[in-house]
2 protein chains.
Amino acid sequence: MPKKGRATSVDIAHLAGVSQATVSRVLRGSPLVSAETRRRIEELVRQYNYKVDKHASSLRTQRASTLALLLFEDPSPDESHINPFFLSMLGSITRACARHGQDLLVSFQQFSDDWHADYEDSKKADGLILLGYGDYLAYEEKLRKLVEQGTHFVRWGAVLPDQPGVSIGCDNFDGGRKVGAHLAERGRRRVAFLGEASSGCPEFLERRRGCEEALREAGGAVVAQFDAVSSEDAGASAARALLESGTAFDAVFAASDLIAIGALGAFAEADVRVPEDVALVGFDDIPIARFTRPALTTVFQDTQRAGELLVDSLMRLIRGESVHSEMVPAQLVVRQSA
Amino acid sequence: MPKKGRATSVDIAHLAGVSQATVSRVLRGSPLVSAETRRRIEELVRQYNYKVDKHASSLRTQRASTLALLLFEDPSPDESHINPFFLSMLGSITRACARHGQDLLVSFQQFSDDWHADYEDSKKADGLILLGYGDYLAYEEKLRKLVEQGTHFVRWGAVLPDQPGVSIGCDNFDGGRKVGAHLAERGRRRVAFLGEASSGCPEFLERRRGCEEALREAGGAVVAQFDAVSSEDAGASAARALLESGTAFDAVFAASDLIAIGALGAFAEADVRVPEDVALVGFDDIPIARFTRPALTTVFQDTQRAGELLVDSLMRLIRGESVHSEMVPAQLVVRQSA
DNA sequence: CTGAAAGCGCTTACAG
DNA sequence: CTGAAAGCGCTTACAG
């Protein structure tokens with residue numbers, strides 16, 4: 001007869017006529033319990049809907065069994081929508097956490113110096129998963145600090161030499177190369193790049209560089225770049241700027257699908273036909289890419305695999321095992337726009 | 001000199017030459033501390049990067065200061081993408097939690113009997129936010145159980161009489177009515193509804209009923225319904241079925257934007273022009289709706305407001321205050337498709 | 001304004 | 001295989 005409130009292991013122990021320690025053993029799956037005792041306790045546990053208290057357990061074991069996902073987007077600090085690609089990562093990360101028996105704390109925030117403090121110091125989480133866009137230069141400094149502090153973290157992003165910490169990312173260079181090769185094969189030679197390819201945005205930079213390499217081999221080139229953060233609006237503006245610049249081009253490589261979708265709108269307004277007048281390729285393969293008109297040719301990143309890798313790497317880091325950065329393959333998805 | 005590992009309040013107390021209780025008081029913002037002592041302790045706290053241990057604190061206070069967001073989607077148990085509308089809710093819920101000083105645990109799952117057990121019994125969370133589509137009939141049973149068990153929860157969904165627990169939802173009926181009125185005003189009289197409007201899906205049913213009412217006043221009607229869950233593929237199939245059925249119609253009301261986008265694709269394939277041949281209206285105003293071709297006329301639900309309301313209601317429920325269901329207004333957004 | 005002390009609900013060495 | 005006991009790091013009534 002547990003009193004008001006939820007039953008505790010002491011209540012269950014009384015009911016079963018054993019010590020509280022034995023109840024705890026059963027719940028932790030210890031082999032040091034007789035089958036009969038175990039059965040009796042499990043029955044009571046079910047009957048009273050007893051669950052181990054997470055806080056008591058975590059306090060005792062010094063493990064939160066919780067991971068924190070920090071999503072940040074520098075360009076759009078407004079209240080609105082998050083990049084759908086990140087959201088698909090969120091989905092796969094959630095599922096990977098469930099498989100690993102970890103709870104997942106989620107937070108959207110601006111770049112912060114307190115990531116570490118907020119989660120690991122307070123022991124809310126055993127480690128952090130960092131997911132976001134933003135100026136990598138500013139970001140790197142913070143990563144370095146996290147490493148110094150011994151924070152357990154993994155990040156999704158460009159995988160480059162000499163980066164602080166562990167990164168999991170798509171093979172952006174190879175993805176770009178596949179786009180360049182495809183465009184060349186379709187007879188396109190003058191490609192405009194839409195997106196900020198600079199050292200502040202290494203993912204985009206790698207995509208552009210890969211594309212350039214493939215193009216060069218075929219006698220083509222990236223003839224212009226118009227900066228854009230990853231949003232439809234930025235993509236539309238960049239495409240309009242491209243059109244107004246008078247640059248001669250026969251293809252556009254948008255650094256992300258969101259940018260490509262914005263460009264698609266700008267081209268339609270200007271009566272530029274895709275793919276007849278200009279071939280258009282995006283990157284990310286967000287769900288909607290199959291449903292644009294024309295359907296978007298783009299690069300698929302295996303978010304399922306990435307989520308699993310992120311969680312798995314982080315857990316190994318937490319256990320003190322050695323972990324290295326890793327890339328997930330990029331795969332060209334040819335649809336109608338190029 | 002805190003030993004290895006993070007500093008505890010005991011370490012800080014030693015360093016400051018006070019008792020551990022005093023440190024705790026400072027950190028909880030108790031007025032029972034002299035200004036001088038407070039200052040000294042705060043300095044040390046900063047210097048040693050000390051944070052209150054969440055588990056110890058929660059164990060002692062019996063409050064997790066954490067909310068759990070359970071996202072479930074019945075129709076697509078596959079690994080893939082989550083409805084973007086829910087994701088935008090997730091964004092606003094996260095921010096609302098931050099404002100209220102609550103951590104947010106996120107989980108995607110199938111319908112489960114263990115929602116309660118998994119989160120509140122184990123004290124991982126003080127309350128649950130339920131977000132998802134699925135067969136309401138099956139769902140209602142579970143809600144009833146949650147109420148019986150005294151679980152603190154709020155759900156996003158249709159707000160109807162006699163529902164168990166607290167619901168926050170859009171005014172679906174009024175949203176539907178606005179769609180019907182707009183279509184009628186545009187001279188459309190024969191509207192096909194795409195989406196499963198049944199008692200298993202009360203949101204869609206309300207949307208359809210609202211639309212019918214407005215249409216009736218104008219001499220129009222909903223002439224057909226083709227079921228679809230909320231996805232592009234289901235929308236495309238439903239639209240094709242509509243076309244094949246030979247029904248005469250001059251407008252389509254899709255129960256969600258995802259369905260509308262699928263229908264847009266199917267119409268394009270069949271050379272049915274939107275809005276010339278058929279006017280098309282969606283529901284949700286997901287970010288991409290502005291960028292489809294033609295841009296989608298749809299119904300906006302204030303997710304910002306909804307997220308705040310959900311969190312606020314749940315917290316009041318947790319504090320034992322009385323809370324009632326509430327609706328968020330629906331707003332027609334006219335673009336090009338109708 | 002401050003400290004000593006009890007206790008939140010577990011886990012796990014230790015002893016049997 | 002089982003129990004008694006210590007202790008994880010806090011918060012808060014109680015006493016001064």
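First the proteins, then the strands, lettered A, B, ... as listed; each starts at 1. None of these values were measured; they are calculated from a predicted model.
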(message) Minimum heavy-atom separation for B:Leu310 and B:Arg155, please, with both atom names.
(response)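 Taking every non-hydrogen atom into account, CD1-O, 3.9 Å.
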When you check the gap from the basic side-chain N to the acidic O, do [X] and [Y] get nearer than 4.0 Å?
X        : Y        : answer
B:Lys51  : A:Glu120 : no
A:Glu308 : A:Arg305 : no
B:Arg46  : B:Glu43  : yes
A:Glu36  : A:Arg40  : yes
B:Arg63  : B:Asp126 : no
B:Asp11  : B:Arg6   : no

Mind checking [X] for me? I need base, sugar-phosphate or nothing, with any heavy atom below 4.0 Å counting as a touch.
X       : answer
B:Thr37 : sugar-phosphate
B:Arg28 : sugar-phosphate
B:Ser24 : base
B:Ser9  : sugar-phosphate

Euclidean distance for [atom1], [N] against [M] (whole angstrom):
N      : M      : atom1 : value
C:dC10 : C:dC14 : P     : 23 Å
C:dA6  : C:dT2  : P     : 23 Å
D:dA5  : D:dC1  : P     : 24 Å

(request) Would you mind telling me which residue lines up with the more 5' stretch of DNA chain C, B:Leu59 or B:Val33, judged by nearest nucleotide? (result) B:Val33
(message) Heavy-atom nearest nucleotide on DNA chain C for B:Pro31 versus B:Arg60: which residue maps closer to 5'?
(response) B:Pro31
(request) Scan every strand shown for a Watson-Crick or G-U wobble partner of C:dA4, both distances under 3.5 Å, and answer none if you come up empty. (result) none
(request) Identify the nucleotide, in any strand shown, that forms a Watson-Crick or G-U wobble pair with C:dA13, with both distances under 3.5 Å; if there is none, say none. (result)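 WC or wobble partner does not exist here.
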(message) Taking any atom closer than 4.0 angstrom to a non-hydrogen atom of chain B, what span of DNA chain C does the protein reach, first nucleotide to last?
(response)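 On DNA chain C, the outermost contacted nucleotides are C:dC1 to C:dG9.
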